[in-house]
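Written out below as structure tokens is the structure these notes cover.
Order of the sequence lines fixes the chain letters, A, B, ..., with proteins taken first and strands second; residue numbering starts at 1 for each chain. Below, each value reflects all heavy atoms present in this structure, side chains not excepted, and no hydrogens, waters or symmetry copies.
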2 protein chains.
Amino acid sequence: MNSATRQRIVMTALELFYEKGFNSTSIADILSRSQVHSGSLYHFFPGKQDLLVAVLEFYRDGIRENLLDIAWVNVDDPIEKIFALLNGYRTGLLMSDYRHGCPIGNLALEISEPDPRIRDLLQINFTNWIGAIEQCLDQAGGRLPQGTDKRALAEFILTTMEGAIMQARTAQDISVFDRNVGVLRAHIDLLTEKAKERS
Amino acid sequence: MNSATRQRIVMTALELFYEKGFNSTSIADILSRSQVHSGSLYHFFPGKQDLLVAVLEFYRDGIRENLLDIAWVNVDDPIEKIFALLNGYRTGLLMSDYRHGCPIGNLALEISEPDPRIRDLLQINFTNWIGAIEQCLDQAGGRLPQGTDKRALAEFILTTMEGAIMQARTAQDISVFDRNVGVLRAHIDLLTEKAKERS
DNA sequence: GTCTATAACGTGATAGAC
DNA sequence: GTCTATCACGTTATAGAC
């Protein structure tokens with residue numbers, strides 16, 4: 001079930017979907033980059049959609065070790081964890097010359113009529129990301145005003161990330177990303193200031 | 001140059017790109033829905049990319065009358081104009097059963113290697129939108145703290161809109177859109193409160 | 001499980017009469 | 001400018017030997 005070939009296929013598909021999008025990636029692209037032959041691929045995956053499912057499952061299962069743990073190395077403060085994660089996407093943009101944004105976000109906008117498996121997997125990936133941020137906000141506990149809706153704020157942080165990436169990619173200019181994150185930082189600062197006043 | 005046929009082709013392409021995306025829309029789709037024959041289409045447009053250019057030019061040239069004027073009917077307050085515009089996208093999501101997000105945002109994420117014409121047109125469409133919001137913020141003048149970077153805030157509002165749409169579409173749930181707009185509203189309220197303190 | 005060969009289809013695009 | 005017919009190609013997917 002998890003042969004080396006299968007893994008290579010999934011990782012290659014992941015890369016290509018990330019760089020070019022799902023529709024613009026052909027099976028032939030995947031075959032040539034992964035050095036696998038058509039028969040092998042179709043042995044593991046009935047069709048292209050199933051390949052996408054496998055990729056989304058990989059993201060879902062690896063969010064901790066492939067994303068969060070890497071971004072949070074040497075970062076302890078829960079608020080700074082949030083900005084460290086955003087900074088990871090910033091680095092991805094720069095390193096890839098604006099080809100790599102957020103893999104889930106790209107797919108979420110590209111797939112207009114997803115089959116239910118795919119829609120659910122996109123959603124669970126977003127939900128897990130939001131959940132991780134919400135945990136940070138919970139840990140930041142008293143620094144936020146009483147009654148702050150931490151779930152809504154976590155969703156808003158995802159929103160900021162996705163929107164900032166979209167604009168930076170289009171402009172091919174990181175400064176718009178930085179300004180967006182700056183406004184988010186300003187908002188969180190206003191919240192922490194407000195929390196201090198009360199105490 | 002602007003025959004009825006040409007217009008019908010452009011409007012049909014606009015609709016289909018909006019609903020299904022650029023790559024997932026075939027020339028055949030456009031021909032059948034617009035009731036035009038292949039020869040006519042290729043008479044006006046050398047290729048599919050040129051059709052996208054025409055669509056993006058239509059958005060660029062019509063932002064005032066097709067978007068802003070409609071959203072701002074009976075809305076005078078500059079801050080409320082911002083939320084009225086966001087509410088227009090909310091309505092679009094609901095009316096289309098989450099198929100219609102932001103046409104520019106969708107294309108911006110879908111087109112991974114745009115030719116320069118297309119990238120420039122995506123960018124100018126974003127810039128015009130941001131500029132309209134910035135004008136609102138300028139009009140709201142003294143209600144914001146001195147030294148507020150209104151351009152950055154306008155970019156951030158676009159970010160909020162795009163991210164909120166992305167999440168609402170994926171979840172097929174308008175409440176996440178509303179919560180995102182709610183956090184944006186809270187941020188702007190905090191800014192106006194802060195401006196009042198000073199005076 | 002892996003390989004080669006190829007089928008079946010949809011795609012963007014063209015030719016040429018009218 | 002519009003129409004029909006069709007090409008050349010790339011696509012997903014399959015067949016069948018090994």
Side-chain angles (χ1 to χ4, degrees), chain A residues 1-58 106-107 110-118 121, chain B residues 1-58 106-107 110-118 121:
Chain A
M1 195 68 186
N2 251 343
S3 73
T5 302
R6 193 194 131 98
Q7 277 194 332
R8 201 161 73 252
I9 294 169
V10 172
M11 295 315 294
T12 305
L14 181 147
E15 284 174 23
L16 285 166
F17 293 165
Y18 196 12
E19 288 171 17
K20 314 179 28 165
F22 177 72
N23 286 308
S24 299
T25 297
S26 70
I27 300 279
D29 289 337
I30 297 167
L31 296 178
S32 77
R33 187 183 286 192
S34 64
Q35 297 281 57
V36 161
H37 297 273
S38 146
S40 302
L41 189 149
Y42 283 100
H43 170 72
F44 292 109
F45 302 99
K48 198 180 169 186
Q49 300 257 345
D50 303 273
L51 203 35
L52 177 55
V53 167
V55 167
L56 289 171
E57 285 172 344
F58 179 87
N106 291 2
L107 292 166
E110 181 180 3
I111 311 293
S112 52
E113 293 175 13
D115 78 50
R117 290 178 303 166
I118 289 168
L121 278 164
Chain B
M1 196 66 189
N2 252 346
S3 73
T5 302
R6 191 196 133 100
Q7 277 193 331
R8 203 161 72 251
I9 294 169
V10 173
M11 295 314 294
T12 305
L14 181 147
E15 285 173 24
L16 285 166
F17 294 165
Y18 197 11
E19 288 171 16
K20 313 180 27 165
F22 177 72
N23 286 307
S24 299
T25 298
S26 71
I27 301 279
D29 289 336
I30 297 167
L31 296 177
S32 76
R33 186 183 287 192
S34 64
Q35 297 281 56
V36 161
H37 297 273
S38 143
S40 303
L41 189 149
Y42 282 100
H43 170 71
F44 292 109
F45 302 98
K48 198 181 171 187
Q49 301 258 345
D50 303 274
L51 202 35
L52 177 55
V53 166
V55 167
L56 289 171
E57 285 171 345
F58 179 88
N106 291 3
L107 292 166
E110 181 179 4
I111 311 293
S112 53
E113 293 174 15
D115 79 50
R117 289 178 304 166
I118 290 170
L121 279 164

query: Taking the side chain as C-beta and beyond, is there a heavy-atom pair between L107(A) and L52(A) under 4.5 Å?
result: yes
- line: Smallest heavy-atom separation, I118(B) atom then P114(B) atom, equals CG2-CB, 4.0 Å
query: Rounded to the Å, how far apart are L41(A) CG and dT4(C) P?
result: 15 Å
message: Rounded to whole Å, please give me the gap between CD in Q7(B) and C1' in dG1(D).
response: 16 Å
query: Whole Å only: how far is the CD1 atom of I30(B) from the P atom of dA13(C)?
result: 11 Å
task: Please report, rounded to the nearest Å, how far the P atom of dG12(C) is from the CD1 atom of I27(B).
output: 5 Å
- prompt: Quick one: side-chain hydrogen bond (donor to acceptor under 3.5 Å, both in side chains) pairs with a partner in residues 35-49 of chain A, sequence neighbours left out?
  reply: none
statement: In short, L31(B) meets L41(B) closest at the heavy-atom pair CD2-CD1, 3.6 Å
message: Rounding to an integer number of Å, can you tell me how far F44(A) CZ sits from dG1(C) C1'?
response: 7 Å
query: Residues two or more places apart in sequence or in another chain: which of them pass ring pair (Phe, Tyr, Trp, His ring centres under 6.0 Å) with Y18(B)?
result: H100(B)
What's touching nucleotides 3-7 of chain D from the protein side, N or O pairs under 3.5 Å?
residue	atom	partner	partner atom	Å
dT4(D)	OP2	H37(B)	ND1	3.0

message: If the cut-off is 4.0 Å, is Y42(B) near the phosphate of dT14(C), judged by side-chain N/O to OP1 or OP2?
response: no
message: On the nucleotide dT11(D), are OP1 or OP2 found under 4.0 Å from the side-chain N or O atoms that S26(A) carries?
response: yes
query: Taking all non-hydrogen atoms of both residues, which atom of L14(B) and which atom of V55(B) are closest, and how far apart?
result: N-CG2, 3.8 Å
field: Interatomic distance, L31(B) CG vs dT14(C) C1' [rounded to whole Å]
entry: 13 Å
statement: Atom NE2 of H43(B) and atom C1' of dG1(D) are separated, to the nearest Å, by 5 Å
For E15(A), all residues meeting salt bridge (Lys or Arg N to Asp or Glu O under 4.0 Å), sequence neighbours excluded: R33(A)
- prompt: dG1(D) phosphate, OP1 or OP2: any side-chain N/O from T5(B) under 4.0 angstrom?
  reply: no
message: Test: side-chain hydrogen bond (donor to acceptor under 3.5 Å, both in side chains). Region: residues 21-30 of chain B. Which pairs qualify, not counting sequence neighbours?
response: N23(A)-S24(B), S24(A)-N23(B), K20(B)-D29(B), N23(B)-E110(B), S26(B)-D29(B)
Which residues share a salt bridge (Lys or Arg N to Asp or Glu O under 4.0 Å) with R117(A), sequence neighbours left out: D50(A), D115(A)
- line: Within residues 46-57 of chain A, those residues having any heavy atom closer than 4.0 Å to DNA chain C are none
message: Contact between F44(B) and V10(B) at the side-chain level, heavy atoms closer than 4.5 Å - yes or no?
response: no
task: Check each residue of residues 11-24 of chain B for a non-hydrogen atom within less than 4.0 Å of any atom in DNA chain D, then write out the ones that pass by number, or none.
output: none
- line: In this structure, CD1 of I9(B) is separated from CE of M11(B) (nearest 0.5 Å) by 12.5 Å
